[in-house]
Amino acid sequence: MQLHEKIPNNVTLHEDRRLLRALERWLPNYLKWWKEAGPADFQADHIYLRTATSVDAKGWANFDYVKMPDYKWGIFLALPEQDRRIPCGDSLGKPVWQEVPGEFRNALRRIIVTQGDTEPASVEQQRLLCESAPSMYDCRNLFQVNVEEGRHLWAMVYLLHAHFGRDGREEAEELLERRSGDFDKPRILTTFNEPIDDWLSFFMFTMFTDRDGKYQLLALAESGFDPLARTTRFMLTEEAHHMFVGETGVGRVVKRACELMKQDPNEDARAQGGMDLPMLQRYINHWYSSSLDLFGGEISSNAANYFAAGLKGRAHETKKFEDHIALESQYEMEVLEAGQVVTKSVPMRNAMNEVLRDAYIDDNQRGVDRWNKIIRNAGIDYELRLPNRRFNRKMGIHTGHCFDLAGQPITDEQFQDRCDGWLPTQQDKTYVKSLMLPVLEPGKMAHWIAAPARGINGLPIEFEYVRRV
Ligand SMILES: [Fe+2]
Ligand SMILES: [Fe+2]
C-alpha cells in the first residue's frame with residue numbers, strides 16, 4: 001500500500017481523475033472539520049495508532065506514532081466476491097449491482113447518508129473526553145475509535161462521490177456541516193446529538209451504541225449494491241476494536257468495583273472511590289434501551305421495502321438463513337394490547353428491524369455474561385442484567401407505555417416512583433463526573449478502573465501510547 005498517497009485506497013482512484021479531484025477537494029474541508037470538531041486536545045501530539053493500509057486478512061493495518069491531523073484516512077473496500085448474487089428479496093439470485101439502480105437511488109442515498117452521519121457525530125460527541133482519560137492506554141483507544149469513525153465517514157463519502165453525482169457531492173458537504181447537538185444543524189439521529197462527556201458513558205456507548213452500528217453494517221454488508229456491501233465489510237474489521245473498547249472498558253470498571261467492595265467493611269465500592277455495581281446497572285439500563293431505539297420500528301414498511309429491494313439483508317443473511325425471500329413466513333412478536341403483553345404474528349419482511357435487534361440482543365448478552373464472570377470470580381454475589389427490550393423505549397411500538405425491567409406493563413406513576421433505582425440519577429451523574437480526572441503517566445490507571453489485561457499490538461500496558469510534545 002501507498003501510505004505516501006494523499007488518499008490511500010484500493011479502488012484505483014488514480015484511474016478516475018474526476019473522482020480523485022472531487023475527493024481531493026473534499027479533503028481540506030474534512031481536515032477543517034476534524035480540527036474544529038474532533039478531539040479538543042492532543043492534536044499536535046504523537047499517538048500510537050493503527051492505520052488501515054489494505055484489506056489483506058493477514059496484515060491490513062500499520063501501527064505507529066502519528067499526529068492525528070496527519071492520519072491517513074483511506075478508502076478500502078473488501079475484495080470483490082466472484083460472481084456475487086443479490087442475497088435476498090425479490091431479486092434474489094440476480095447479479096449484484098455495481099452501479100446504483102435508478103429506482104432505488106433515493107433509498108440508497110438515504111441509507112448511506114444516515115450511516116455516514118453517525119460516524120462524524122460520534123467523534124463530535126466524544127471530543128472533550130481526552131481531557132479526562134483514565135490512562136494513556138484509554139486515551140489512545142479513544143483516539144483510535146475517533147480516527148476510524150473518521151475513516152468510516154470517508155467510506156460513505158466515497159460512495160456518495162463515486163455513485164451519486166452532484167447530489168452525492170452535496171450530501172458529502174452537508175455531512176461536514178451538521179454538528180452533534182447543534183440547534184440549527186443537528187446530526188440526523190437523536191442519540192447522536194447528546195454529548196458523551198464522561199468515560200463511563202463512553203464505554204457504555206462503545207459497548208451498546210457502537211454495537212448498533214455493527215449490526216447496521218452487518219445488514220448493509222448483505223446489500224445487493226456491491227460497493228456498499230464491500231465497504232461495510234471492511235468497516236466491520238475496524239469496528240471489532242470499538243466493541244472491544246466498550247466491553248473491556250465496562251469490564252475493567254466492574255473488576256475495580258469488585259476489588260474496592262472487598263476493601264470496604266460494607267462492601268461499598270463507592271465509599272472507596274469507585275463505581276458501584278448498582279450504578280453500573282443503571283447506566284446499562286439507560287444505554288442499552290436507548291441503543292435499542294436505533295434499530296427503528298418493530299413493524300416497519302421501510303424495513304420490508306429495503307429487504308424486498310435487496311438493499312439490506314439480515315445479519316449474516318447468506319450464512320444464517322435459509323429462506324432469503326421471506327414472503328411466506330411470520331415473526332412472533334410480543335406487543336401490548338389492552339394493557340396485556342400478547343404474542344402477535346407479523347409478516348417476516350415487516351419485522352426485519354426486530355430480527356436484527358434479536359441478533360444484537362444476543363450479542364450484548366454474551367458481553368454481559370463475561371462481566372458477570374468477573375463478578376463471580378471475585379466471589380461477589382451480584383448479577384448484571386440487560387433489561388427487557390420494552391423497558392424505557394422512546395421509539396417504536398413500546399413508546400408511550402411503561403414497563404418494568406422484566407418487561408411487565410406498569411403505570412406511569414409506578415415508573416416514576418421506581419425510576420431512580422432503574423436509570424442514572426442526577427447524583428450518579430455528578431458522582432461519575434467527580435471521578436473524571438486525567439491520568440496520563442504511562443501504565444497508571446485512574447482509581448475507579450482496573451488495568452487492561454494486555455496492551456495494544458503486543459506492547460506492554462506501560463508503553464507510552466500518547467507522547468506529548
Ligand atoms: Fe463507524
Ligand atoms: Fe465504531
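When a ligand or atom number is given, it counts from 1 through the structure's own listing order.
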Query raised in the report: Closest N/O/S atom of His152 to the Fe ion (ligand 1), by atom name?
Result: ND1

Query raised in the report: Counting backbone and side chain alike, does Glu119 bring an N/O/S atom below 2.8 Å of the Fe ion (ligand 2)?
Result: no

Requested in this report: Tell me whether Glu239 has at least one N, O or S atom under 2.8 Å from the Fe ion (ligand 2).
Outcome: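 Coordinating: yes.
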
Report task. Would you kindly say whether His152 and Glu238 are connected by a side-chain donor-acceptor distance under 3.5 Å? Result -> yes

Query raised in the report: Quick check: are there more than 12 heavy atoms from other residues, nucleotides or ligands sitting under 6.0 Å from CZ of Arg110?
Result: no

[atom1]-[atom2] distance between [X] and [Y], expressed to the nearest 0.5 angstrom:
X      : Y      : atom1 : atom2 : value
Met204 : Trp287 : CE    : CH2   : 9.5 Å
Asn106 : Phe164 : CG    : CZ    : 9.0 Å
Glu177 : Glu171 : CD    : CD    : 11.0 Å

Query raised in the report: Going through the checks in order, is the side-chain hydrogen bond (donor to acceptor under 3.5 Å, both in side chains) test met by Asp226 and Gln98?
Result: CA-CA 6 Å; Asp226 203 41; Gln98 297 304 332; 3.2 Å; yes

Query raised in the report: Name of the Glu149 N, O or S atom nearest the Fe ion (ligand 2)?
Result: OE2

Got an N, O or S from [X] under 2.8 Å of the Fe ion (ligand 1)?
X      : answer
Glu238 : no
His242 : no
Glu148 : no

